[in-house]
Amino acid sequence: MRLTVLGGGGFRVPLVHRALLQDAQGPDAAGRCTELVLHDTDPGRLDAIGAVLAEQAARHPGPAPAVRTTTDLDEALAGTDFVFSAIRVGGLAGRVRDEQLPLAQGLLGQETVGAGGVLYGLRTVPVALHIAERVAALAPQAWVINFTNPAGMVTEAMSRVLGDRVIGICDSPVGLCRRAARAVGADPDRADYDYVGLNHLGWLRRIVVDGTDRMPALLGDTAALESFEEGKLFGADWLRALGALPNEYLHYYYHHREALTAIREADATRGEFLARQQQGFYEKLSGDEATGSAFRAWDETRREREETYMAESRQASGGWQRDSCDLDGGGYDRVALALMRAIARNERTTLILNVRSRGAVPGLDPDAVVEVPCLVDAGGARPLATGPVAPDQLGLMLQLKAVERSTIEGATGNSHRAALRALALHPLVDSVHAAERVLEAAGPLRG
């Protein structure tokens with residue numbers, strides 16, 4: 001089986017490779033990845049990540065997929081079975097710009113949330129649609145697993161070409177669910193989760209262990225509730241008031257003032273930090289002295305990246321540090337592998353994914369991509385009915401869905417009006433005039 005990774009020179013690709021190596025050690029060879037194709041527009045990044053993968057494979061016993069790299073998109077896609085799309089249009093320089101332009105207008109500067117997420121979507125959707133069209137032409141039988149942010153928006157845009165053969169994933173929901181299960185003393189793999197939302201805008205409503213919902217007990221136990229990341233971010237009193245556990249990205253909504261102040265006071269935005277960090281990493285691996293030390297350099301850099309994840313939000317909520325169990329990296333790669341295995345081997349499982357609603361979420365139309373538990377097997381991913389959604393949750397979902405669709409319209413139609421609507425309608429953008437200035441600074445759109 002062949003797997004193609006778009007954005008194959010990206011920093012997190014070794015996590016996918018690690019998951020494939022671990023899967024290769026199992027007894028069942030059916031549906032196992034035997035060829036890994038890495039595509040990237042930057043050959044230097046491909047060389048660096050290729051060196052990391054070679055050293056990582058040498059550390060693992062047993063079989064490993066053959067690795068091939070290319071800068072030709074059609075060559076990477078032709079005849080493949082699965083596509084992992086993890087591209088960053090504009091690179092980290094684009095992310096820095098997406099953060100800085102809103103901050104200059106007193107707005108939140110964040111990669112996927114607020115005005116920055118809209119700017120990122122405007123730049124990314126046209127490229128994602130081109131990829132979808134090439135997949136449809138060259139590998140119509142392939143399944144596309146989308147990691148590219150803004151994941152829900154990009155998945156919805158690609159679904160207009162690929163239908164249900166594109167599935168979006170994110171590691172935030174699975175991280176929340178596993179932390180919550182551990183907080184109630186349950187095995188995360190033996191619990192069922194009632195989660196509903198859009199990407200980076202969701203709520204865990206129930207944790208079912210042996211037929212019993214453990215959420216009420218968790219909400220009533222302050223020590224257990226504040227023993228993990230989301231409890232520390234939001235505080236026990238607010239979580240009890242909500243009656244649910246929000247995705248970590250809702251910190252930017254529920255604690256907007258504090259989050260914006262922390263980002264403004266930080267020495268650098270997250271994008272600026274990552275740009276410097278990754279420049280140093282890739283430069284280090286470009287020299288002859290990097291021979292034999294590529295994996296160590298990558299792992300040290302990865303560890304620092306994990307330790308500083310959402311540092312401003314943690315600072316705004318008390319300055320606490322991440323738990324050791326959240327620093328191992330991975331999450332999205334494990335979800336991707338579980339998804340690929342379920343489809344390739346017909347191993348029925350339930351995963352929280354970004355898929356078209358098909359009526360699973362009351363109040364959203366069937367084509368709206370939502371982030372909910374799905375039943376997955378050889379036929380793909382089918383969303384499970386969520387039941388009624390709380391008015392406050394549904395209201396935010398509807399408003400953000402309107403923002404996503406206006407962004408897609410602005411990107412595909414090159415429409416200034418739609419792009420302005422997307423920015424100004426976002427609940428974290430408090431002024432149409434500020435939205436106009438952000439859009440003007442970002443560059444011209446016609447229409």
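- Atom CG of L274 sits about 6.0 Å away from atom CG of L92, to the nearest 0.5 Å.
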Are Y252 and H200 close enough, and set up right, to give a side chain to side chain contact (heavy atoms under 4.5 Å, CB included), and what steps lead you there? CA-CA 10 Å; Y252 296 114; H200 289 181; over 6 Å; no
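- By the 4.0 Å N-to-carboxylate-O rule, D237 lies close enough to R240 to be salt-bridged with it.
- No donor-acceptor pair under 3.5 Å is formed between the side chain of T4 and the backbone N or O of V83.
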Run E307 and R303 through salt bridge (Lys or Arg N to Asp or Glu O under 4.0 Å) and show every step you take. CA-CA 6 Å; E307 288 172 347; R303 185 84 179 184; 3.7 Å; yes
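- Counting heavy atoms from C-beta on, the side chains of L53 and Q56 come closer than 4.5 Å.
- Judged by distance alone, with hydrogens and angles left aside, the side-chain atoms of E226 form a donor-acceptor pair with the main-chain N or O of A236 at under 3.5 Å.
- Of the possible donor and acceptor atoms, one in the side chain of Q277 sits under 3.5 Å from a partner among the backbone N and O of T301.
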Full working for salt bridge (Lys or Arg N to Asp or Glu O under 4.0 Å) between D164 and R382: CA-CA 9 Å; D164 293 328; R382 294 178 294 283; over 6 Å; no
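- Aromatic ring pairs are classed by plane angle as parallel below 30°, tilted from 30° to 60° and perpendicular above 60°; the pair Y332 and F147 is perpendicular.
- How far CG of L3 is from CH2 of W143: 15.0 Å, rounded to the nearest 0.5 Å.
- One N or O on the side chain of T148 and one on the backbone of I87 form a donor-acceptor pair closer than 3.5 Å.
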Applying salt bridge (Lys or Arg N to Asp or Glu O under 4.0 Å), run through D299 and R296 and close with a yes or a no. CA-CA 5 Å; D299 196 46; R296 184 176 71 251; over 6 Å; no
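- With hydrogens and angles ignored, the 3.5 Å screen pairs a side-chain donor or acceptor of K401 with a backbone N or O of V369.
- Although no hydrogens or angles enter the test, the distance criterion places a donor-acceptor pair under 3.5 Å between the side chain of R214 and the main chain of V184.
- Screening L176, L201, L239, L233 for a side chain to side chain contact (heavy atoms under 4.5 Å, CB included) involving P246 leaves a single residue, L239.
- Between R182 and S227, the side chains place no donor N or O within less than 3.5 Å of an acceptor N or O (distance only, hydrogens not considered).
- Using a 4.5 Å heavy-atom cutoff, the side chains of R123 and D98 are in contact.
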Given the rule in the side chain to side chain contact (heavy atoms under 4.5 Å, CB included) test, do D171 and V335 qualify, once you have shown the distances and angles that lead to the verdict? CA-CA 7 Å; D171 54 355; V335 177; 5.7 Å; no
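- One finds a salt bridge joining E35 and R68 here, because a Lys/Arg side-chain nitrogen approaches an Asp/Glu carboxylate oxygen to under 4.0 Å.
- Separation of atoms OG1 (T261) and NE2 (H256) is listed at 9.0 Å; rounding is to 0.5 Å.
- Within the 4.5 Å cutoff, side-chain heavy atoms of M158 are placed close to those of I131.
- Taking the side chain as every heavy atom from C-beta outward, R190 and V209 never approach each other to under 4.5 Å.
- A cation-pi geometry, defined here as NZ or CZ lying under 6.0 Å from the six-membered ring centre and within 45° of its normal, does not hold between R302 and F11.
- Checking S406 against R421 by side-chain atom types alone, a donor-acceptor pair falls below 3.5 Å.
- Note that CD of E111 and CG of N149 are 5.0 Å apart. Values are rounded to the nearest 0.5 Å.
- Taken to the nearest 0.5 Å, the CG atom of L77 stands 10.0 Å off from the CZ atom of R2.
- The backbone N or O of L425 lies less than 3.5 Å from a partner atom in the side chain of Q399, making a donor-acceptor pair.
- Not a single donor-acceptor pair under 3.5 Å links the side chain of H426 to the backbone N or O of A115.
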Check the pair E99, R95 against salt bridge (Lys or Arg N to Asp or Glu O under 4.0 Å), reporting the backbone distance first and the verdict last. CA-CA 6 Å; E99 294 167 342; R95 174 172 178 170; 3.1 Å; yes
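- With contacts defined as side-chain heavy-atom distances shorter than 4.5 Å, the pair P373/Y193 does not qualify.
- Between the side chain of R356 and the backbone N or O of E156, no donor-acceptor pair lies under 3.5 Å.
- Side chains of P366 and S357 form no contact here, defined as non-hydrogen atoms less than 4.5 Å apart.
- Atom OG1 of residue T80 and atom CE of residue M1 lie 9.0 Å apart, to the nearest 0.5 angstrom.
- Within the 3.5 Å criterion, the main-chain N or O of A378 finds a donor-acceptor partner in the side chain of N346.
- Partner of L204 under the side chain to side chain contact (heavy atoms under 4.5 Å, CB included) criterion, out of D194, L245, L218: L245 alone.
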